[in-house]
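Below is one structure, written out as structure tokens; comments come after it.
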Amino acid sequence: LSFDFRYFKYVGGENQIATRFMLGAGIPYGNSNDMPFEKSFYAGGTNGMRGWRFRELGPGTFSNPDKLNIERIGDLQLEFNLEYRFPIYSIIKGAIFTDIGNIWTMRENEIFAGGEFNFNTFYKQLGFNTGLGIRIDATFVILRIDLGMQIHNPGRPEGQRWIHDFKWKNMALNFGVGYPF
């Protein structure tokens, strides 16, 4: 199941505040221990947590210390996005955004250490990012570039999750077609 609530409010002319709240959960059934890959949830990338590259956030506090080439997927997802959209010049539009969220597994998983959802600690495992975007709105297509910067990375060790050293390694450049939500 997934629940996706979106609300858009014009605040003078073409200026718009866009919000999205997304909650999703899936439970493997039958003889499966995991959900099918294409039905699993992911965080990071052009349409969600834009401070991370595609599928690079989560699950939970998982950090991939061995730099394994694995897809980070989960059974649960919680995400909130806030975006202020405004005109710059002609077909060029701008955006300022903030994203909060993560994914988790339903049960302990040896591959994703620290990825299991726990109601008492999940709020400490939320990723935070903020950023700026440029859109080219050619009416029939919208091309988009977003630069997201991590503010809170749950994959870092406890005590080092709030990021104060704003470096390129804590940012992601995401390209997209259409609005993120």
Side-chain angles (χ1 to χ4, degrees), residues 1-7 18-28 32-83 96-133 146-174 176 180-181:
L1 299 172
S2 66
F3 173 77
D4 189 324
F5 176 77
R6 300 167 188 215
Y7 179 73
T19 59
R20 181 183 101 168
F21 174 75
M22 191 274 193
L23 176 64
I27 301 171
S32 295
N33 291 327
D34 300 309
M35 290 190 347
F37 177 77
E38 63 277 356
K39 298 293 183 183
S40 295
F41 296 100
Y42 65 91
T46 192
N47 293 323
M49 299 295 296
R50 292 168 277 182
W52 284 263
R53 287 185 258 330
F54 184 65
R55 294 186 191 211
E56 284 197 350
L57 174 60
T61 60
F62 177 71
S63 65
N64 197 9
D66 299 326
K67 303 292 183 211
L68 300 173
N69 186 18
I70 56 174
E71 296 286 346
R72 297 181 184 206
I73 55 176
D75 306 317
L76 298 167
Q77 182 173 16
L78 176 65
E79 190 170 304
F80 175 75
N81 312 92
L82 174 66
E83 185 170 281
I96 300 170
F97 60 85
T98 297
D99 308 315
I100 302 168
N102 204 342
I103 58 171
W104 293 269
T105 57
M106 292 285 250
R107 53 183 91 105
E108 194 173 325
N109 185 320
E110 64 185 46
I111 297 172
F112 299 122
E116 183 180 10
F117 181 83
N118 184 324
F119 190 77
N120 296 327
T121 59
F122 83 93
Y123 63 94
K124 295 178 183 177
Q125 300 173 352
L126 292 170
F128 291 66
N129 67 251
T130 189
L132 302 169
D146 290 325
L147 178 63
M149 179 175 53
Q150 298 171 11
I151 302 296
H152 183 265
N153 185 341
R156 286 180 157 203
E158 188 82 41
Q160 298 176 22
R161 293 182 180 163
W162 289 101
I163 299 172
H164 304 289
D165 55 337
F166 301 112
K167 298 178 182 173
W168 283 109
K169 70 178 183 174
N170 300 323
M171 296 183 187
L173 191 63
N174 288 295
F181 54 92

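Residues: numbered from 1 along the sequence shown.
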Between Ile163 and Asn153, is there a side-chain heavy-atom distance shorter than 4.5 Å?
yes

With heavy-atom distances below 4.5 Å as the criterion, would you say the side chains of Leu126 and Leu78 are in contact?
yes

With a 4.5 Å limit on heavy-atom distance, are the side chains of Ile151 and Phe166 in contact?
yes

Nearest 0.5 Å, please: how far is CH2 in Trp104 from CG in Asp75?
12.0 Å

Drop me the distance from Ile111's CD1 to Ile70's CD1, to the nearest 0.5 angstrom.
6.5 Å

Hey, is CD on Glu108 packed in by over 12 heavy atoms from elsewhere, all under 6.0 Å?
no

Please tell me if the side chains of Phe117 and Gln125 come closer than 4.5 Å, counting only heavy atoms from C-beta onward.
no

Between Arg6 and Phe21, is the side-chain contact (heavy atoms from CB on, under 4.5 Å) condition met? List the steps.
CA-CA 7 Å; Arg6 300 167 188 215; Phe21 174 75; over 6 Å; no

I want to check something: taking the side chain as every heavy atom from C-beta on, are Ile73 and Phe37 in contact at a cut-off of under 4.5 Å?
yes

So do the side chains of Met22 and Ser2 get within less than 4.5 Å of each other, counting heavy atoms only?
yes

Taking every heavy atom of Gly155 against every heavy atom of Ser63, the minimum-distance pair comes out as O-CB, 3.0 Å

When rounded to the nearest 0.5 angstrom, what is the spacing between NE2 in His152 and NZ in Lys124?
10.0 Å

When you check the gap from the basic side-chain N to the acidic O, do Glu116 and Arg107 get nearer than 4.0 Å?
no

Quick check: closest heavy atoms across Leu147 and Phe97, and the distance to 0.1 Å?
O-CZ, 3.7 Å

How close do Gly127 and Pro154 get, counting heavy atoms only, and between which atoms?
CA-CD, 3.7 Å

Quick one: closest heavy-atom pair of Glu56 and Trp52, and the distance?
O-CD1, 3.6 Å

Kindly assign one of parallel, tilted or perpendicular to the pair Phe122 and Phe119, based on the angle between their ring planes and the thresholds 30° and 60°.
tilted

Hey, what do you get for CD (Gln160) to CG (Asp165), rounding to the nearest 0.5 Å?
9.5 Å

Correct closest heavy-atom pair for Met49 and Ala43 would be CG-CB, 4.3 Å

Aromatic ring proximity, centroids under 6.0 angstrom, Phe112 and Phe62
yes

So for atom CG, which belongs to Leu1, do other residues, nucleotides or ligands contribute more than 12 heavy atoms lying within a distance under 6.0 Å?
no

Heavy-atom neighbours of Arg156 CZ exceed 12 at 6.0 Å
yes

What is the distance from atom CZ of Arg20 to atom CG of Asp99, rounded to the nearest 0.5 Å?
8.5 Å

Just do the side-chain contact (heavy atoms from CB on, under 4.5 Å) check on Lys167 and Gln150 with the steps written out, would you?
CA-CA 10 Å; Lys167 298 178 182 173; Gln150 298 171 11; over 6 Å; no

Could you give the distance from CG (Asp146) to CG (Leu132), rounded to the nearest 0.5 Å?
9.0 Å

How about Pro180 and Asn174: do any of their side-chain heavy atoms sit closer than 4.5 Å?
no

Cation-pi, Tyr42 ring and Arg72 (6.0 angstrom, 45 degrees)
no

Within the structure provided, determine whether Leu82 and Phe80 are in side-chain contact (heavy-atom separation under 4.5 Å).
yes

Checking Gln77 against Glu79: is there a side-chain donor and acceptor pair closer than 3.5 Å?
yes

So does Glu110 have more than 12 non-hydrogen atoms from other groups sitting under 6.0 Å from CD?
no

Whether the side chain of Thr19 engages the backbone of Tyr7 through a donor-acceptor N/O pair (distance < 3.5 Å, no angle test) should be reported.
yes

